[in-house]
Amino acid sequence: MRLAMETSPLIKLISLTLLLASAIAGPTLEEQAGALLAWKATLETQPAQLQLQSWENTSWPCSWHGISCSSKHQQQPVITGISLRGLGLRGELHTLNFSALATLTSIQLAQNQIRGSLPPSLASSLPNLRHLMLQANQLSGEIPSHIKHLEGLVALDLSNNHLFGPIPSELGYLRKLRQLDFSNNNLTGPIPRNLGNLTKLTNLSLADNQISGYLPPELGYLVNLRWLVLSQNKLMGSIPATLGRLVNLAILYLYYNQLSGHIPQELGYLVNLEELDFTGNDLTGPIPRNLGNLTKLNNLFLGDNQLSGYLPPELGYLVNLGGLHLWQNKLMGSIPATFGSLLNLTSLYLRYNQLSGHIPRELGSLVKLFELELQHNKLMGFVPDIFGNLTKLSYLYLGDNQLSRHIPRELGYLVNMRKLDLRNNKLIGSIPATFGSLVNLTSLVLWDNQLFGRIPPELGYLMNLEELGLSNNKLVGSLPDMFGNLTKLALLHLDGNKFSGHVPGEIGTLMDLQYLQLNGNNFSGPLPPDLCAGGKLERLTAFDNNLNGPLPSSLVHCLSLVRVRLERNQIEGDISELGIHPNMVYMDMSSNKLYGQLSNHWREWRNLTKLNISNNNIMGNIPTSMGQLSQLKVLDLSSNKLEGELPSKLGNVKSLFHLSLADNLLYGSIPQEIGALYNLEILDLSSNNLSGSIKGSIEHCLKLRFLKLSHNNFEGNIPTELGVVSSLQGMLDLSDNSFVGAIPSQLSGLSMLDTLNLSRNELNSSIPASFGSMESLTSIDVSYNELEGPIPESRLFLRAPLECFMHNKMLCGVVKGLPPCSSATQSEGQRTPYGKIVLATVSILISLVLVVAILKFRHERKKSKATSTDNVTQLASMFSVWSFDGTNVFKQIAEATDNFSEVHCIGTGGYGSVYKARLATCEIFAVKKIRIIDDEYGINESMFNREIGALVQIRHRNIVKLFGYCSSSQGRFLIYEYMERGNLAETLRANKRAIELDWGKGG
């Protein structure tokens, strides 16, 4: 009893202690289960309720799916782990009471659909947490700085979420951390320097973010690091040399950043390195030779940088190398023969460098090689025939080099080959028939070489072929029928050769055909009617052939068509039958024999950017529905038989920059809506029947570079506003219209204009003096107007031909052949008979440069009067006959000059050529055949008549006599007295002969 009484206080003390310990220990197992059930209730019903059906018995949650428990010192079990990976759970972490789960050491909720931000309570309530794995969810927001409280954390994986903001520097407190993965988020800012404190770290991955700034040198302190993955960020600056201390490193990925500078030599100390990938940076300088020390390296990827210098032969020591990718740098020199020692190599990428020399035969030892890419270098010589040993090779790219000679037939032994590309070299000879053995080949590209001969029929065995590119060679003959066997063929490029004959109908049976390029050959006959039978044809180009016959019937409703080019053939057909092509982007069928009318259905071609059907026989009106082609940039309907007015709806096609409707039968005025085409750069409406004023329309097209409105009936003044279209630089052609008034001086503001043609109008006044400042102008034509006054003084006008100023009222000045602008001429000279005679005389002397002869009057006077009289009588008789029979005139002249042969030509001038004609009667005449100038600067009938009138009226002892003239459909001729001793220019240069004319020699 006494003992019991004495121990009672002790028992009470123990009980109190246990009670306090129980209170401090936290929630019971039932309370933890309640917290989890409460979180489950917030999850979306599907699929959470199905996956978590076992979450019911609150008395023993340790048996629930994904829940693990443990107990210490025989205490009550508590929940220590949650592992619900890949269950598709949808919810948030904010609804989970982490305070009730303070005993957690591991949370594994990867690959679910958990969203929202990371709650601060997660970090502040879980002091024992070692693993936090939340990768591949939909978490957002910033990483909280409270994460520093998880000091026991060993693994932290938040990769593949939507986290943003900076990486918190507080991570530097997590010194037990071994795995840190924040990859595939939207994190920004720099890498915290104090990550260098995490010396136990073995795996650091921050790839696929927006991290910027420099690589901290402190990363070199992480001596236990095996994985350093910082790829696909915005890191800049140089690679720290301190990374050379990471001697345990096996993986180093820095690809696709903005790193610059040289590759540190210190990386040669990383003898345990297995993967090195610096692809897609701006690294410069040479490849360090001591990278040859990294003998454990499996992959060395340095492509897409700015590396220069030579390929180190030491790379041949990397005998475990499986991939060597050095593509798209500035590497030069030859390929080291030591590369032949890389017997484990499966891929060698050296494309897009400046490598030269021959391809080393030693590469033929790389029997494990699967891919070899040497394209786009400066390699020369021949393709090694020893490549026939590389039987595992599936991809061989040698294009864009300077390889020559024949294609080795041994390449036909590479039976695993899937893609063979030898494009753009100097290969000659025929295509090896052994290629028929490459039964796994899907792509054969040989274009841009000098191959000749025929296509070997053995290619018909390539049943898996999807692409055949033979463009731009010298292949000849007809196409073999074997194309029908290539049932998987999608891309067929045969353009730029010398193929002839018909296009085989079997091509129309290729159901997978997408691209067919036949242009630039000598194909004849019709195109196969079933070209689009498979409904996949996207591109058809067959321009510049001799194709005829109808449009292929299957093209009419081929919805897959994107690009069609059939120009410059003889294809016939009714273009109005073309159906709806919603994917059509480019169509050019110009210079054929198409007929019919433009269809209203074409408004459904919503993606069309170019339509050219010029030089055909299209009739009818331009549909107003053309204004609905909102993507159209080029519309060329020129040289057809279109009529009617220009649709004002064309002004809705704001993307249009090239509009050519020339050489049609259009009439009416230019709609003001055309001025709304603010992207228009080229406008050609020439050779129509358009009329009215152009004011208020095209002068608003401020991007115009080329404007041609010639050969119409436009009237009124030339708008002064054209002078502000400063982009005009190619041509401004308003010729052959009815424009009146003065030439606007504002046109001199077209400072980039090259050609200006205002001829054949009714313009008056003078040429603006400001035109002299148009320095870019190389050609100007103002002929056939009513202009007068001085020509502006500039280099252009000094060199301009006279014909560009002829047939005006009275121009004078610097143009050679025009009279000088003397004070008398400018004031009254134009009104006096003397001035008219002088002008006519100068004009005649110029027009007869090579036909005017100098009479030797003294010598002629010594001849007998009887002879002279006989000759004159004979000549008069001859021309009396000629005047009655123009056909006989032409016949005799043609016979005397051998149909105007150059043998009889004694001179040429600006307006024609002069021939010496000895007729059957032995008389000799000088016959000037007037050159018929193109419409652009044509000589009309009135000009010819004025010249005849002047020559008939003028009489001078030093000017040859005009006997007659002829104007007929066969031509226009002037017949002069023939005089020996050359032309006027030669006479004026010789003192003696000039004295005979009583003229002094010019200085």
Side-chain angles (χ1 to χ4, degrees), residues 735 743 748 754-760 763 766-826 829-830 834-854 906-914 928 930-931 933-934 936-939 943-944 946-947 950-951 954 956 958-959 974 982-990 994 997 999-1003:
S735 62
I743 299 174
S748 63
D754 180 80
T755 300
L756 176 62
N757 192 344
L758 304 177
S759 64
R760 298 180 179 276
L763 301 171
S766 60
I767 300 174
S770 57
F771 277 23
S773 63
M774 300 176 71
E775 296 182 356
S776 66
L777 205 61
T778 62
S779 174
I780 185 171
D781 191 345
V782 294
S783 60
Y784 294 91
N785 281 287
E786 299 295 328
L787 300 171
E788 58 185 334
I791 300 290
E793 295 188 8
S794 73
R795 183 171 55 182
L796 166 68
F797 292 99
L798 282 170
R799 299 177 178 178
L802 177 63
E803 63 185 19
C804 294
F805 302 90
M806 290 181 61
H807 303 285
N808 277 286
K809 189 172 182 180
M810 183 59 193
L811 290 172
C812 61
V814 298
V815 175
K816 187 176 182 181
L818 290 180
C821 296
S822 62
S823 57
T825 302
Q826 293 182 26
Q830 295 181 19
Y834 177 77
K836 292 181 180 178
I837 293 173
V838 170
L839 179 59
T841 302
V842 172
S843 175
I844 293 167
L845 290 176
I846 292 173
S847 66
L848 302 178
V849 170
L850 299 177
V851 299
V852 176
I854 308 302
I906 59 175
T908 58
Y911 298 111
S913 301
V914 181
K928 178 180 179 181
I930 301 297
R931 178 166 63 92
I933 303 175
D934 293 340
E936 198 82 21
Y937 308 106
I939 298 179
M943 168 191 170
F944 184 69
R946 286 200 297 269
E947 200 161 333
L951 289 169
I954 293 174
H956 194 279
N958 290 339
I959 296 180
L974 298 173
N983 58 37
L984 177 62
E986 292 174 354
T987 299
L988 294 178
R989 281 197 294 269
L997 301 176
W999 294 350
K1001 180 182 177 183

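One is the number of the first residue; the rest follow in order along the sequence.
- Of all heavy-atom pairs spanning Cys804 and Ile780, the tightest one is CB-O, 3.2 Å.
- Contact record, Pro792 with Ala769: CB-O, 3.9 Å, taken as the closest heavy-atom pair.
- Taken from CD1 in Ile767 to CD1 in Ile791, the straight-line distance is 3.5 Å, to the nearest 0.5 Å.
- Contact detail for Gly813 and Cys821: the closest heavy-atom pair is N-SG, 3.3 Å.
- Residues forming a side-chain contact (heavy atoms from CB on, under 4.5 Å) with Ser794 (at least two apart in sequence, or on another chain): Leu796, Phe797.
- Considering only residues two or more places apart in sequence or on other chains, Asp754 meets the side chain to side chain donor-acceptor pair (under 3.5 Å) condition with Thr778.
- Summarising the geometry of Pro819 relative to Cys812, their closest heavy-atom pair is O-CB, 3.1 Å, with the distance given to 0.1 Å.
- The shortest non-hydrogen separation linking Asn785 to Leu758 is ND2-O, 3.0 Å.
- Met774 and Ser748 make their closest contact through SD-CA, 3.7 Å (heavy atoms, listed as atom of the first residue, atom of the second, distance).
- Glu786 is linked by a side-chain contact (heavy atoms from CB on, under 4.5 Å) to Asn764, Lys809, counting only residues two or more places apart in sequence or in another chain.
- Under the rule for a side-chain contact (heavy atoms from CB on, under 4.5 Å), the partners of Pro768 that lie at least two apart in sequence or sit in another chain are Ile743, Ser745, Ser770, Phe771.
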